[in-house]
Every structure is written in C-alpha cells, then in structure tokens.
Amino acid sequence: MLTEGQIQCMKEDVTIALAQILIEEQHYSMEQALSKVYNSVTFRNLQNTDTGYYYQSIGYVYDALQKELVK
C-alpha cells in the first residue's frame, strides 16, 4: 500500500513530465506548459486519487491531456 506522501510524489512526477513533454514536443515556454497542465481537466483528474491517473503511464496521461488541448 502506498502512503499519501508516495502518491503525492507520483502526482508531482507526472505533472513535471507532462510539462516537459509540452516544452519539448510543442515548443511551449515553461510558463505556457505549466499553465496548460495546471488549468486542465487532466490535472484535476490526476489530483483525484480515485481516478488512478497517478499510477498510469505518462503516455496514457499525456494522451488525455493532448486530446483535451485540441478541443
């Protein structure tokens, strides 16, 4: 069983990875990337432990973010 601290670290790691992908692949600035991530439904889902996003692959979570950003 994971502790709340471990789950929080996993959520933070996914958040950082999402921003890094946006910077590298979409050529966003750090501020733009973080804004896109923090203001997304995907981020809200990531923060909700019940969704399980925190333990999904970064590819899975990024795919959800990418679909959201093209709408």
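Model, not experiment: these values are computed from the prediction.
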Check against side chain to side chain contact (heavy atoms under 4.5 Å, CB included), T51 and L46: CA-CA 7 Å; T51 67; L46 176 62; over 6 Å; no
Output, in order, the C-alpha distance, side-chain angles, deciding distance and verdict of side chain to side chain contact (heavy atoms under 4.5 Å, CB included) for L65 and I21. CA-CA 11 Å; L65 178 64; I21 293 170; over 6 Å; no
Step by step, would you call Y62 with T42 a side chain to side chain contact (heavy atoms under 4.5 Å, CB included)? CA-CA 9 Å; Y62 179 66; T42 302; over 6 Å; no
Please lay out, stage by stage, how K36 and L69 fare under the test side chain to side chain contact (heavy atoms under 4.5 Å, CB included). CA-CA 8 Å; K36 292 288 185 183; L69 294 177; 3.9 Å; yes
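Of all the heavy atoms in A19 and A33, the pair that sits closest is O-CB, 3.7 Å. The minimum heavy-atom distance linking I58 with A17 is given by the pair CD1-CB, 3.5 Å.
Hydrophobic clustering (side-chain heavy atoms under 4.5 Å, transitive across Ile, Leu, Val, Met, Phe, Trp, Tyr) keeps V41 apart from Y54. Residues M30 and I16 do not share a hydrophobic cluster, clusters being chains of Ile/Leu/Val/Met/Phe/Trp/Tyr side chains in contact below 4.5 Å.
Note that CD of Q47 and CD of E12 are 8.5 Å apart. Values are rounded to the nearest 0.5 Å. Rounded to the nearest 0.5 angstrom, I7 CD1 and M1 CE are separated by 7.0 Å. One finds the CG atom of L18 at 10.5 Å from the CD atom of Q66 (value rounded to the nearest 0.5 Å). Rounding to the nearest 0.5 Å places OH of Y55 at 9.5 Å from OH of Y60.
The main-chain N or O of S40 is never found under 3.5 Å from a side-chain atom of E68 such that the two would form a donor-acceptor pair. Judged by distance alone, with hydrogens and angles left aside, the side-chain atoms of Q32 form a donor-acceptor pair with the main-chain N or O of S29 at under 3.5 Å. Using a distance-only test at 3.5 Å, with no hydrogens or angles considered, a donor-acceptor pair links the side chain of N39 to the main chain of S35. Counting only distance, with no hydrogens or angles, the side chain of Q6 and the backbone of T3 share a donor-acceptor pair below 3.5 Å.
No hydrogens or angles considered: a donor-acceptor pair under 3.5 Å links the side chains of K11 and T49.
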